[in-house]
Amino acid sequence: MRPLTVIANWKMNGSLASNASWVKSVCRGMEQGMPAGRKYAVCVPSPYLAQCGQLIEDYSPAFLSLGAQDVSMYAAGAYTGEVAAAMLKELGCSFVIVGHSERRQYHRETDEHVAEKALQVLDNGMTPVICVGESADERNSGREVEVVRGQISKQVAVLQDRLADCLIAYEPIWAIGTGKVASADLAQDMHRAIRLQLAEFDEDVASHVGILYGGSVKPDNAVELFAMPDIDGGLIGGASLNPQDFLAICQA
Ligand code: 13P
């Protein structure tokens with residue numbers, strides 16, 4: 001059985017004050033009781049990792065894990081501005097998002113970079129959340145499966161069996177921050193396609209990998225999405241900024 005995993009991605013949002021109130025609200029809410037067998041995490045901007053790690057420790061380490069939104073593909077050295085996986089581990093991270101479409105788009109990250117980053121995360125004992133997804137143009141021209149297959153095949157080539165210790169997030173770019181959520185059936189179809197592709201490599205890996213959906217997930221559409229057999233949770237952007245909305249999605 002794959003556990004349902006719900007991860008907040010704050011993106012470049014937050015402040016010392018708003019972070020403190022968010023963690024307090026979410027941890028207090030989770031203490032009221034959460035569905036069993038699920039995992040929850042929040043991926044915060046790097047400068048806030050230490051603060052949020054401490055807050056989570058103070059309030060509710062049993063429920064909520066800490067995560068980062070990106071990592072360097074290098075272990076250490078002369079890479080000004082980069083953050084190493086070992087540093088994220090030291091700050092208490094359990095999850096690291098790699099290859100988000102915003103990093104692929106604005107920072108020219110390729111599938112090869114993404115795979116190298118995932119290796120760094122795995123080597124430091126954390127779980128990479130590997131993002132894939134097609135653009136509106138790619139879907140409109142009927143190439144969505146081909147595009148996502150291409151992204152996944154690079155990860156399979158580099159990560160091999162270690163994919164069993166990763167999460168994959170299917171985030172169609174046209175659904176991110178647009179309010180245009182993929183229908184549960186459409187998302188399920190792509191999640192199924194990803195799982196079948198992984199099974200071509202190794203059935204065991206395919207059955208273990210959690211595949212999360214991301215893109216305009218809200219409290220009112222999460223139930224239907226999470227009920228799909230190949231959707232193992234969500235990566236939540238905008239709606240995760242509101243603690244009550246994030247809690248509602250975690251309970252969906
Ligand atoms: P939204 O939930 O704001 O659409 O963002 C999704 C996302 O990019 C999560 O990583």
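In listed order, ligands and their atoms are each counted from 1.
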Pairs flagged by side-chain hydrogen bond (donor to acceptor under 3.5 Å, both in side chains) wherever residues 199-214 is involved - sequence neighbours left out: R149-E200
E134 and W174: side-chain hydrogen bond (donor to acceptor under 3.5 Å, both in side chains), yes or no, with the steps? CA-CA 8 Å; E134 81 285 359; W174 47 268; 2.9 Å; yes
At less than 4.0 angstrom from any atom of ligand 1, which residues have a non-hydrogen atom? List them by chain and residue number. N9, K11, H100, E171, A175, I176, G177, G215, S216, L235, G237, G238
May I ask you to test the R103-H113 pair for a side-chain heavy-atom distance under 4.5 Å? no
Under the 3.5 angstrom rule, does the side chain of E171 hit a backbone N or O of I176 as a donor-acceptor pair? no
In the hydrophobic cluster built from side-chain contacts under 4.5 Å, what are the other members alongside M73? Y74, Y79
Which pairs with one or both residues in residues 235-252 pass side-chain hydrogen bond (donor to acceptor under 3.5 Å, both in side chains), sequence neighbours excluded? none
